[in-house]
Amino acid sequence: RSVYLIEGHESNVKVDGKVINEKVCLTMDATKDVPIELDQGAKEEVQFLLLQGKPINEPVAQHGPFVMNTQAEIRDAFMDYQRTQFGGWPWPKDDM
């Protein structure tokens with residue numbers, strides 16, 4: 001489980017008793033409750049992003065925005081994108 005503090009790092013938010021004062025990704029144990037506390041005098045909104053998933057135990061190949069299982073699949077994805085832009089661009093010019 002990953003918890004990202006994306007807004008409000010200046011509000012002295014506490015995660016599991018530790019003050020977090022920067023944008024950060026925290027790796028949490030999904031089996032434990034973790035208290036999150038906000039100072040009562042905080043003046044800005046605090047936003048977290050929580051991501052959790054089960055490992056799929058497969059190889060991972062990543063390049064740019066593409067994530068596949070092999071480098072060959074990455075090359076295929078690039079070729080598909082260059083050929084079709086994944087379904088095509090519906091406007092007559094690229095800058096629209």
Side-chain angles (χ1 to χ4, degrees):
R1 175 180 291 176
S2 296
V3 177
Y4 293 84
L5 174 58
I6 55 175
E7 292 293 334
H9 60 280
E10 296 174 0
S11 293
N12 292 324
V13 63
K14 286 184 182 178
V15 177
D16 204 18
K18 180 182 175 191
V19 174
I20 307 298
N21 55 13
E22 62 184 347
K23 292 183 179 182
V24 68
C25 174
L26 305 168
T27 302
M28 312 297 263
D29 181 343
T31 65
K32 296 181 182 176
D33 289 337
V34 176
I36 297 175
E37 305 169 52
L38 182 60
D39 184 77
Q40 288 185 344
K43 301 218 183 323
E44 70 176 331
E45 183 177 272
V46 176
Q47 293 182 8
F48 289 93
L49 174 64
L50 172 66
L51 300 176
Q52 179 172 309
K54 292 182 180 180
I56 60 173
N57 296 319
E58 292 184 14
V60 175
Q62 183 270 331
H63 187 91
F66 301 104
V67 179
M68 302 292 202
N69 294 110
T70 67
Q71 288 298 322
E73 290 174 336
I74 294 287
R75 285 189 296 277
D76 289 346
F78 268 104
M79 289 179 359
D80 288 345
Y81 177 75
Q82 289 170 345
R83 190 178 74 252
T84 69
Q85 293 189 349
F86 291 130
W89 183 254
W91 296 277
K93 296 185 339 186
D94 284 344
D95 61 351
M96 296 179 84

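Hydrogens, waters and symmetry mates are skipped; everything else that's a heavy atom, side chains included, is used. Since the model is a prediction, treat every value here as computed from it, not as a measurement.
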Measure the [atom1]-[atom2] distance between [X] and [Y] for me, rounded to the nearest 0.5 Å.
{"X": "Arg1", "Y": "Leu51", "atom1": "CZ", "atom2": "CG", "value": "11.0 Å"}
{"X": "His63", "Y": "Arg75", "atom1": "NE2", "atom2": "CZ", "value": "11.0 Å"}
{"X": "Ile20", "Y": "Lys14", "atom1": "CD1", "atom2": "NZ", "value": "11.0 Å"}
{"X": "Glu37", "Y": "Asp16", "atom1": "CD", "atom2": "CG", "value": "9.5 Å"}

Ignoring hydrogens and geometry, is there a side-chain-to-backbone donor-acceptor pair from Asn21 to Asn12 under 3.5 Å?
->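 Absent.
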Looking at every non-hydrogen atom in both residues, tell me the closest pair between [X] and [Y] and how far apart they are.
{"X": "Val3", "Y": "Phe48", "value": "CG1-CD2, 3.4 Å"}
{"X": "Met28", "Y": "Val34", "value": "CE-CG1, 3.3 Å"}
{"X": "Gln62", "Y": "Val67", "value": "CG-CG2, 3.7 Å"}
{"X": "Leu5", "Y": "Gln47", "value": "CD1-O, 3.7 Å"}

Beyond-backbone contact of Ser2 with Leu26, side-chain heavy atoms, under 4.5 angstrom = no
Check side chain to side chain contact (heavy atoms under 4.5 Å, CB included) between Leu38 and all other residues, then give those that pass, not counting sequence neighbours.
-> Ser11, Val13, Ala42, Val46
Residues that Asp80 engages under salt bridge (Lys or Arg N to Asp or Glu O under 4.0 Å), provided they are two or more places apart |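 Asp80 satisfies salt bridge (Lys or Arg N to Asp or Glu O under 4.0 Å) with Arg83 only.
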Linking I/L/V/M/F/W/Y whenever any side-chain heavy atoms sit under 4.5 Å apart, do Leu50 and Val24 land together?
->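 Yes; tracing contacts between hydrophobic side chains, which count when under 4.5 Å, links both residues.
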Does OH belonging to Tyr4 count more than 12 external heavy atoms closer than 6.0 Å?
-> no
